[in-house]
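Below is one structure, written out as structure tokens; the observations come after it.
In the text below, chain A, chain B and the rest are named by the order of the sequence lines, each starting its count at 1. As a basis for the values below, the full set of heavy atoms in this structure was taken, side chains included, without hydrogen atoms, waters or symmetry mates.
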Amino acid sequence: MCRCILGEISNMAAHNFLWSLTKNCFTFGLIGLTVSDRYASIVPVRGSSMSPTFNPTTDSFMGSLSDDHVLMEKFCLQKYKFSHGDVIVFCSPSNHKEKHVKRIIGLPGDWIGTPMTNDVVKVPNGHCWVEGDNPSSSLDSRSFGPIPLGLVKGRVTHILWPPQRVRHVERKNHQNRHSPS
Amino acid sequence: MSTYLIGQKTCMNCKTLNPQLPLQPCRCILGEISNMAAHNFLWSLTKNCFTFGLIGLTVSDRYASIVPVRGSSMSPTFNPTTDSFMGSLSDDHVLMEKFCLQKYKFSHGDVIVFCSPSNHKEKHVKRIIGLPGDWIGTPMTNDVVKVPNGHCWVEGDNPSSSLDSRSFGPIPLGLVKGRVTHILWPPQRVRHVERKNHQKRHSPS
């Protein structure tokens, strides 16, 4: 065969290879995007409102590299089955551009006792009461009241980073804080 | 026993004598090539359908989707006639865009879709009457309510049959799922959805 034909065949093969590589990257990127939007994604946790569950040390030297990164699953949103003690990610009711990570203390119908004001609050339908594990430095339902369940973006199941803190995030029940309706 | 008579007249693949070899390919080779072509065609068709389905899903999740409007709380803007004969086929279907969610730029008079604060599984369509910092007058109770930060006051265009902020108060902007821009169905009602400002209802901070 003439060398020119061989050259054309190898050009076409390289071209086809690059084209199918591009298409595969695009498809896998799209699959990753869909999975991240609908099923599970990885989010960093900032601040110490959930110490010692997340970010047990305040390390300003390393900055955001030492923040815990957690796996947030969104399957819970399809059936909206939340339990007491679940750690959830939700949009802040006072600033919709921010997301917070807190633990569910009360579900619709529960009565929550607030020790500070000696008040008893009933969680309305479609709402939940959230608090951080570190009450002294946590902005939560004790400040902004119960939040609508429509603000919940996902449920935290595992810590994925840093490697020495990889573990499952447990539910913690605070039986003394809420009484069912 | 010589399998190769004059030249190569026996097909190497199916081992039958074919006097037309080597000028024309054997029928078995032609069959295999057409099988492979059909197989490749079906496989690439499947892959293309899958990719386009994925693209459609991503666009619907992130950018725009089509939602049916139920009920008459937004008459006459949506569903101006209550037609129980046709059922859900006569409901208005509207285009809901989600670009507004990335910058959260809402204006007075926008029609939005949001999760109900009392039942997170339901979605409602109402118009934004007040934004954070506005003072809303409620004629019925003679109250004046200030819309808190990060919230908005929504009402339906048909006040007599609308469950809105007059009942459940201002809603957090985090509940908003999208903004309605056009009616797409039924065909005779295809139009752009206008902003309607109710200047007398709100006063800025």
Segment of [X] engaging chain A (4.5 angstrom heavy-atom cut-off):
X: B:K47; value: neither
X: B:L175; value: both
X: B:N149; value: both

Whether the [X] and [Y] side chains hold a donor-acceptor pair (N or O, under 3.5 Å, no angle test) is what I'd like checked.
X: A:K102; Y: A:S49; value: yes
X: B:S160; Y: B:N158; value: yes
X: A:H84; Y: A:D110; value: yes
X: B:S72; Y: B:N79; value: no

Heavy-atom distance under 4.5 Å to chain B: side chain of A:L149, backbone, both or neither?
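Contact with chain B is through both the backbone and side chain of A:L149.
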In terms of the angle between their ring planes, are A:F90 and A:F144 parallel, tilted or perpendicular, with boundaries placed at 30° and 60°?
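Perpendicular: the ring planes of A:F90 and A:F144 meet at over 60°.
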Using a 4.5 angstrom heavy-atom cutoff, name the option from A:I31, A:L77, A:I147 with the most pairs to chain B.
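If we count pairs closer than 4.5 Å to chain B, A:I31 comes out on top.
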Using a cut-off of under 4.5 Å for heavy-atom pairs, which of B:S116, B:G174, B:P148, B:C115 has the most such pairs with chain A?
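Winner by heavy-atom pair count: B:G174.
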